[in-house]
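Contents: one structure, followed by commentary.
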There are 2 protein chains.
Amino acid sequence: MPPGKKVNYPVACPVYRAQRIIAGKWKICLLCLMNSGTKRFSDLYRNMSGITQAMLTKQLRELEEDGMISRYVYPEVPPKVEYSLTELGRSFIPIIQELSRWGSCHLPAADDEVVMPCCNLKKE
Amino acid sequence: MPPGKKVNYPVACPVYRAQRIIAGKWKICLLCLMNSGTKRFSDLYRNMSGITQAMLTKQLRELEEDGMISRYVYPEVPPKVEYSLTELGRSFIPIIQELSRWGSCHLPAADDEVVMPCCNLKKE
DNA sequence: CAGCATCCCAGAGGATACTG
DNA sequence: CAGTATCCTCTGGGATGCTG
(Lines give C-alpha, C1' and ligand atoms only; values in the text may rest on other atoms or scores of the structure.)
Protein backbone atom coordinates (compact mmCIF):
# COMPACT_ATOMS: atom_id res chain seq x y z
CA MET A 1 0.00 0.00 0.00
CA PRO A 2 1.41 3.36 -0.97
CA PRO A 3 2.07 5.89 1.79
CA GLY A 4 -1.01 7.99 0.90
CA LYS A 5 -3.16 9.57 3.54
CA LYS A 6 -4.25 7.70 6.61
CA VAL A 7 -7.95 7.11 6.79
CA ASN A 8 -9.01 9.03 9.82
CA TYR A 9 -11.66 7.83 12.16
CA PRO A 10 -14.38 7.78 9.56
CA VAL A 11 -17.08 9.79 11.29
CA ALA A 12 -16.68 12.72 8.94
CA CYS A 13 -16.90 10.65 5.76
CA PRO A 14 -20.10 10.88 3.67
CA VAL A 15 -20.71 7.14 3.78
CA TYR A 16 -20.55 7.10 7.53
CA ARG A 17 -22.70 10.19 7.85
CA ALA A 18 -25.31 8.43 5.78
CA GLN A 19 -24.95 5.24 7.75
CA ARG A 20 -25.33 6.97 11.08
CA ILE A 21 -28.65 8.48 10.06
CA ILE A 22 -30.23 5.10 9.55
CA ALA A 23 -28.27 3.31 12.26
CA GLY A 24 -31.07 3.36 14.80
CA LYS A 25 -32.79 0.06 15.35
CA TRP A 26 -36.11 1.25 13.93
CA LYS A 27 -35.11 3.94 11.46
CA ILE A 28 -35.28 1.97 8.24
CA CYS A 29 -38.51 0.42 9.36
CA LEU A 30 -40.01 3.84 9.96
CA LEU A 31 -38.86 5.22 6.64
CA CYS A 32 -40.39 2.21 4.91
CA LEU A 33 -43.70 2.61 6.66
CA MET A 34 -43.86 6.29 5.84
CA ASN A 35 -42.98 5.63 2.24
CA SER A 36 -46.58 4.67 1.61
CA GLY A 37 -47.79 8.03 2.84
CA THR A 38 -48.27 10.22 5.88
CA LYS A 39 -48.70 8.37 9.14
CA ARG A 40 -49.99 9.21 12.58
CA PHE A 41 -48.02 8.33 15.69
CA SER A 42 -50.56 5.70 16.59
CA ASP A 43 -50.44 4.24 13.09
CA LEU A 44 -46.73 3.70 13.40
CA TYR A 45 -46.97 2.45 16.95
CA ARG A 46 -49.65 -0.09 16.18
CA ASN A 47 -47.78 -1.44 13.19
CA MET A 48 -44.42 -2.02 14.82
CA SER A 49 -44.41 -4.85 17.27
CA GLY A 50 -41.84 -4.63 20.00
CA ILE A 51 -41.24 -0.92 20.05
CA THR A 52 -42.23 1.20 23.02
CA GLN A 53 -43.82 4.63 22.74
CA ALA A 54 -40.77 6.20 24.32
CA MET A 55 -38.47 4.58 21.77
CA LEU A 56 -40.76 5.45 18.88
CA THR A 57 -40.75 9.08 19.92
CA LYS A 58 -36.98 9.10 20.19
CA GLN A 59 -36.40 7.55 16.77
CA LEU A 60 -38.89 9.92 15.17
CA ARG A 61 -37.19 12.93 16.76
CA GLU A 62 -33.83 11.82 15.47
CA LEU A 63 -35.11 11.28 11.95
CA GLU A 64 -36.66 14.71 12.12
CA GLU A 65 -33.41 16.31 13.27
CA ASP A 66 -31.64 14.66 10.37
CA GLY A 67 -34.18 16.11 8.00
CA MET A 68 -35.53 12.76 6.87
CA ILE A 69 -39.10 13.29 8.04
CA SER A 70 -41.36 16.18 8.91
CA ARG A 71 -43.78 16.44 11.79
CA TYR A 72 -47.10 18.22 11.76
CA VAL A 73 -49.05 18.80 14.94
CA TYR A 74 -52.77 19.47 14.61
CA PRO A 75 -53.95 22.03 17.15
CA GLU A 76 -56.54 19.68 18.54
CA VAL A 77 -57.50 17.85 21.66
CA PRO A 78 -56.85 15.00 21.86
CA PRO A 79 -53.53 15.52 20.07
CA LYS A 80 -53.02 14.44 16.50
CA VAL A 81 -49.56 14.33 14.97
CA GLU A 82 -48.65 13.34 11.46
CA TYR A 83 -45.30 12.23 10.15
CA SER A 84 -44.20 12.11 6.55
CA LEU A 85 -41.04 11.75 4.50
CA THR A 86 -39.24 14.87 3.36
CA GLU A 87 -37.56 15.14 -0.03
CA LEU A 88 -34.38 13.93 1.61
CA GLY A 89 -36.18 11.02 3.18
CA ARG A 90 -37.76 10.01 -0.09
CA SER A 91 -34.41 10.19 -1.82
CA PHE A 92 -33.09 7.55 0.51
CA ILE A 93 -35.73 4.94 -0.24
CA PRO A 94 -33.93 3.64 -3.34
CA ILE A 95 -30.87 2.88 -1.25
CA ILE A 96 -32.98 0.95 1.21
CA GLN A 97 -34.31 -1.02 -1.71
CA GLU A 98 -30.77 -1.68 -2.93
CA LEU A 99 -29.81 -2.93 0.50
CA SER A 100 -32.84 -5.17 0.56
CA ARG A 101 -32.12 -6.59 -2.85
CA TRP A 102 -28.51 -7.21 -1.91
CA GLY A 103 -29.58 -8.82 1.35
CA SER A 104 -32.09 -11.05 -0.38
CA CYS A 105 -29.75 -12.17 -3.12
CA HIS A 106 -26.62 -12.77 -1.17
CA LEU A 107 -27.65 -13.82 2.27
CA PRO A 108 -29.52 -16.77 3.72
CA ALA A 109 -33.08 -15.92 4.70
CA ALA A 110 -34.39 -16.73 8.13
CA ASP A 111 -37.60 -18.65 8.68
CA ASP A 112 -39.38 -15.73 10.21
CA GLU A 113 -38.32 -13.52 7.33
CA VAL A 114 -40.27 -10.31 6.99
CA VAL A 115 -39.67 -7.92 4.15
CA MET A 116 -40.05 -4.21 4.78
CA PRO A 117 -43.08 -2.79 3.00
CA CYS A 118 -41.15 -0.43 0.77
CA CYS A 119 -38.81 -3.18 -0.31
CA ASN A 120 -41.53 -5.06 -2.10
CA LEU A 121 -42.18 -2.17 -4.43
CA LYS A 122 -39.20 -2.43 -6.68
CA LYS A 123 -38.10 -6.04 -6.45
CA GLU A 124 -36.90 -7.08 -9.86
CA MET B 1 -53.24 2.33 7.69
CA PRO B 2 -54.91 -0.96 6.85
CA PRO B 3 -54.77 -3.78 9.40
CA GLY B 4 -52.16 -5.74 7.42
CA LYS B 5 -49.34 -7.59 9.13
CA LYS B 6 -47.41 -6.03 11.94
CA VAL B 7 -43.81 -5.40 11.13
CA ASN B 8 -41.95 -7.64 13.52
CA TYR B 9 -38.75 -6.63 15.13
CA PRO B 10 -36.86 -6.22 11.93
CA VAL B 11 -33.82 -8.36 12.58
CA ALA B 12 -34.91 -11.01 10.12
CA CYS B 13 -35.52 -8.60 7.26
CA PRO B 14 -33.04 -8.51 4.35
CA VAL B 15 -32.36 -4.79 4.72
CA TYR B 16 -31.49 -5.19 8.34
CA ARG B 17 -29.38 -8.26 7.70
CA ALA B 18 -27.43 -6.22 5.19
CA GLN B 19 -27.17 -3.29 7.54
CA ARG B 20 -25.90 -5.39 10.41
CA ILE B 21 -23.04 -6.73 8.34
CA ILE B 22 -21.60 -3.28 7.80
CA ALA B 23 -22.72 -1.84 11.11
CA GLY B 24 -19.33 -2.13 12.76
CA LYS B 25 -17.49 1.12 13.19
CA TRP B 26 -14.69 0.12 10.82
CA LYS B 27 -16.39 -2.28 8.43
CA ILE B 28 -17.06 0.05 5.53
CA CYS B 29 -13.62 1.52 5.91
CA LEU B 30 -12.07 -1.94 5.68
CA LEU B 31 -14.10 -2.93 2.65
CA CYS B 32 -13.05 0.27 0.93
CA LEU B 33 -9.39 -0.28 1.65
CA MET B 34 -9.52 -3.84 0.41
CA ASN B 35 -11.33 -2.78 -2.71
CA SER B 36 -8.02 -1.70 -4.18
CA GLY B 37 -6.58 -5.15 -3.71
CA THR B 38 -5.33 -7.68 -1.18
CA LYS B 39 -4.00 -6.21 2.04
CA ARG B 40 -1.86 -7.42 4.87
CA PHE B 41 -2.91 -6.95 8.47
CA SER B 42 -0.16 -4.40 8.95
CA ASP B 43 -1.19 -2.53 5.79
CA LEU B 44 -4.67 -2.09 7.17
CA TYR B 45 -3.45 -1.26 10.63
CA ARG B 46 -1.04 1.39 9.46
CA ASN B 47 -3.63 3.05 7.26
CA MET B 48 -6.40 3.38 9.78
CA SER B 49 -5.71 5.93 12.44
CA GLY B 50 -7.44 5.37 15.74
CA ILE B 51 -8.09 1.64 15.53
CA THR B 52 -6.40 -0.80 17.87
CA GLN B 53 -5.00 -4.13 16.79
CA ALA B 54 -7.54 -5.92 18.94
CA MET B 55 -10.39 -4.07 17.30
CA LEU B 56 -8.98 -4.56 13.83
CA THR B 57 -8.76 -8.28 14.42
CA LYS B 58 -12.32 -8.38 15.67
CA GLN B 59 -13.77 -6.46 12.75
CA LEU B 60 -11.86 -8.59 10.28
CA ARG B 61 -13.11 -11.79 11.90
CA GLU B 62 -16.68 -10.59 11.70
CA LEU B 63 -16.39 -9.62 8.05
CA GLU B 64 -14.90 -13.03 7.41
CA GLU B 65 -17.75 -14.79 9.21
CA ASP B 66 -20.21 -12.86 7.11
CA GLY B 67 -18.43 -13.98 3.96
CA MET B 68 -17.38 -10.50 2.93
CA ILE B 69 -13.64 -11.11 3.01
CA SER B 70 -11.27 -14.04 2.89
CA ARG B 71 -8.18 -14.59 4.97
CA TYR B 72 -5.03 -16.31 3.85
CA VAL B 73 -2.29 -17.23 6.28
CA TYR B 74 1.17 -17.81 4.89
CA PRO B 75 2.94 -20.64 6.70
CA GLU B 76 5.87 -18.44 7.63
CA VAL B 77 7.63 -16.96 10.60
CA PRO B 78 7.10 -14.16 11.29
CA PRO B 79 3.43 -14.52 10.40
CA LYS B 80 2.02 -13.03 7.23
CA VAL B 81 -1.72 -12.79 6.70
CA GLU B 82 -3.50 -11.42 3.69
CA TYR B 83 -7.08 -10.22 3.47
CA SER B 84 -9.11 -9.68 0.34
CA LEU B 85 -12.70 -9.14 -0.72
CA THR B 86 -14.80 -12.13 -1.68
CA GLU B 87 -17.34 -12.04 -4.50
CA LEU B 88 -19.93 -11.07 -1.92
CA GLY B 89 -17.72 -8.35 -0.57
CA ARG B 90 -17.08 -6.93 -4.01
CA SER B 91 -20.78 -6.96 -4.77
CA PHE B 92 -21.36 -4.62 -1.87
CA ILE B 93 -18.98 -1.91 -3.02
CA PRO B 94 -21.55 -0.27 -5.34
CA ILE B 95 -23.90 0.17 -2.42
CA ILE B 96 -21.17 1.85 -0.42
CA GLN B 97 -20.66 4.17 -3.34
CA GLU B 98 -24.38 4.90 -3.44
CA LEU B 99 -24.35 5.73 0.24
CA SER B 100 -21.38 7.99 -0.27
CA ARG B 101 -22.99 9.79 -3.15
CA TRP B 102 -26.19 10.23 -1.20
CA GLY B 103 -24.25 11.47 1.81
CA SER B 104 -22.28 13.93 -0.28
CA CYS B 105 -25.26 15.32 -2.14
CA HIS B 106 -27.72 15.64 0.66
CA LEU B 107 -25.77 16.29 3.79
CA PRO B 108 -23.54 19.10 4.99
CA ALA B 109 -19.88 18.20 4.86
CA ALA B 110 -17.66 18.63 7.87
CA ASP B 111 -14.39 20.49 7.74
CA ASP B 112 -12.29 17.45 8.36
CA GLU B 113 -14.14 15.58 5.64
CA VAL B 114 -12.43 12.46 4.41
CA VAL B 115 -13.81 10.40 1.58
CA MET B 116 -13.35 6.66 1.64
CA PRO B 117 -10.93 5.51 -1.05
CA CYS B 118 -13.42 3.38 -2.94
CA CYS B 119 -15.92 6.20 -3.01
CA ASN B 120 -13.80 8.30 -5.28
CA LEU B 121 -13.90 5.71 -8.00
CA LYS B 122 -17.39 6.17 -9.26
CA LYS B 123 -18.33 9.69 -8.37
CA GLU B 124 -20.38 11.09 -11.16
C1' DC C 1 3.83 -9.78 12.64
C1' DA C 2 -0.56 -10.75 13.82
C1' DG C 3 -2.75 -11.75 16.91
C1' DC C 4 -5.40 -13.22 21.97
C1' DA C 5 -6.92 -12.29 27.00
C1' DT C 6 -8.75 -8.94 30.35
C1' DC C 7 -10.89 -5.38 32.02
C1' DC C 8 -13.61 -1.20 31.37
C1' DC C 9 -17.04 2.33 29.81
C1' DA C 10 -20.50 5.16 27.19
C1' DG C 11 -24.45 5.09 25.06
C1' DA C 12 -28.17 2.66 22.42
C1' DG C 13 -32.07 0.47 23.60
C1' DG C 14 -35.83 -0.84 26.80
C1' DA C 15 -39.42 -1.15 30.93
C1' DT C 16 -42.50 1.34 33.45
C1' DA C 17 -45.22 5.01 35.18
C1' DC C 18 -47.25 9.40 34.60
C1' DT C 19 -49.78 13.57 31.88
C1' DG C 20 -51.67 17.88 29.07
C1' DC D 1 -53.37 10.55 21.71
C1' DA D 2 -48.88 11.48 21.83
C1' DG D 3 -46.00 12.07 24.30
C1' DT D 4 -42.32 13.01 29.01
C1' DA D 5 -39.48 11.33 32.98
C1' DT D 6 -36.75 7.68 35.39
C1' DC D 7 -34.25 4.04 35.85
C1' DC D 8 -31.99 -0.06 34.18
C1' DT D 9 -29.44 -3.42 31.03
C1' DC D 10 -26.51 -4.92 27.56
C1' DT D 11 -23.04 -4.70 24.20
C1' DG D 12 -20.05 -2.34 20.77
C1' DG D 13 -15.98 -0.34 21.16
C1' DG D 14 -11.61 0.65 23.45
C1' DA D 15 -7.13 0.43 26.47
C1' DT D 16 -3.53 -2.32 27.78
C1' DG D 17 -0.46 -6.12 28.18
C1' DC D 18 1.24 -10.56 26.68
C1' DT D 19 2.89 -14.20 22.94
C1' DG D 20 3.92 -18.05 19.18
Side-chain angles (χ1 to χ4, degrees), chain A residues 1 7-13 16-17 19-30 33-34 38-66 69-84, chain B residues 1 6-13 16-17 19-30 33-34 38-66 68-84:
Chain A
M1 209 132 97
V7 178
N8 288 308
Y9 169 53
V11 140
C13 164
Y16 277 92
R17 284 211 312 281
Q19 190 191 226
R20 285 206 95 255
I21 289 184
I22 53 149
K25 188 171 171 183
W26 307 91
K27 301 284 180 69
I28 293 180
C29 191
L30 282 169
L33 286 175
M34 282 183 246
T38 296
K39 297 283 180 295
R40 294 188 57 171
F41 184 90
S42 50
D43 285 330
L44 298 169
Y45 182 61
R46 272 185 288 98
N47 281 273
M48 298 169 77
S49 73
I51 199 170
T52 61
Q53 291 179 327
M55 190 42 59
L56 179 53
T57 301
K58 196 181 163 206
Q59 303 276 308
L60 286 169
R61 289 288 179 283
E62 289 176 10
L63 283 174
E64 192 188 1
E65 272 174 40
D66 286 326
I69 65 175
S70 58
R71 177 168 176 268
Y72 182 70
V73 184
Y74 288 83
E76 301 177 1
V77 174
K80 173 176 174 182
V81 180
E82 284 188 345
Y83 294 92
S84 54
Chain B
M1 208 135 97
K6 275 207 181 191
V7 178
N8 288 308
Y9 169 54
V11 139
C13 164
Y16 278 93
R17 285 211 312 282
Q19 190 190 228
R20 286 208 95 255
I21 290 185
I22 53 149
K25 187 171 170 182
W26 308 91
K27 300 284 180 67
I28 293 180
C29 191
L30 282 169
L33 286 175
M34 282 183 244
T38 297
K39 296 284 179 295
R40 293 188 58 172
F41 184 89
S42 49
D43 285 331
L44 298 169
Y45 182 60
R46 272 185 289 100
N47 282 274
M48 298 169 75
S49 74
I51 200 172
T52 61
Q53 291 179 328
M55 191 40 60
L56 178 53
T57 301
K58 197 182 162 205
Q59 302 275 310
L60 286 168
R61 289 289 178 284
E62 289 176 10
L63 283 174
E64 192 188 1
E65 272 174 40
D66 287 325
M68 302 290 279
I69 64 175
S70 58
R71 177 168 176 268
Y72 182 72
V73 184
Y74 288 83
E76 300 176 1
V77 174
K80 175 178 174 180
V81 181
E82 283 190 344
Y83 294 91
S84 53

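Letters go in sequence order (proteins before strands), and every chain restarts at 1.
Here Ser42(A) reaches the OP1 or OP2 of dA2(D): one of its side-chain N or O atoms lies under 4.0 Å away.
One interatomic measurement links the two molecules: CZ of Arg46(B) to C1' of dG3(C), which rounds to 16 Å at whole-angstrom precision. At whole-Å resolution of the value, CG in Asp43(B) and C1' in dC1(C) are 12 Å apart. Straight-line distance from the CZ atom of Arg20(B) to the P atom of dG13(C): 11 Å, rounded to whole Å. Separating the CZ atom of Arg71(B) from the P atom of dC1(C) is a distance of 16 Å, rounded to the nearest angstrom.
The side chain to side chain donor-acceptor pair (under 3.5 Å) search around Ser42(B) returns none, not counting sequence neighbours. With sequence neighbours left out, the side chain to side chain donor-acceptor pair (under 3.5 Å) criterion links Glu62(A) to Lys27(A). Taking the side-chain contact (heavy atoms from CB on, under 4.5 Å) definition, one finds that Glu76(B) meets it with Tyr74(B), Lys80(B), sequence neighbours left out. Scanning for side chain to side chain donor-acceptor pair (under 3.5 Å) contacts around Glu64(A) gives an empty result, with sequence neighbours left out.
Considering only the side chain of Arg40(A), dA2(D) comes nearest among dA2(D), dC1(C), dG14(D).
At the heavy-atom level, Tyr83(B) lies under 4.0 Å from the strands shown only through sugar-phosphate atoms.
Remark: Arg61(B) in residues 58-65 of chain B come within less than 4.0 Å of DNA chain C through at least one heavy atom.
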Contact string for nucleotides 15-20 of chain C, one letter per nucleotide 5' to 3', B = base within protein heavy-atom range under 4.0 Å, S = sugar-phosphate only, - = neither, reads SB---B
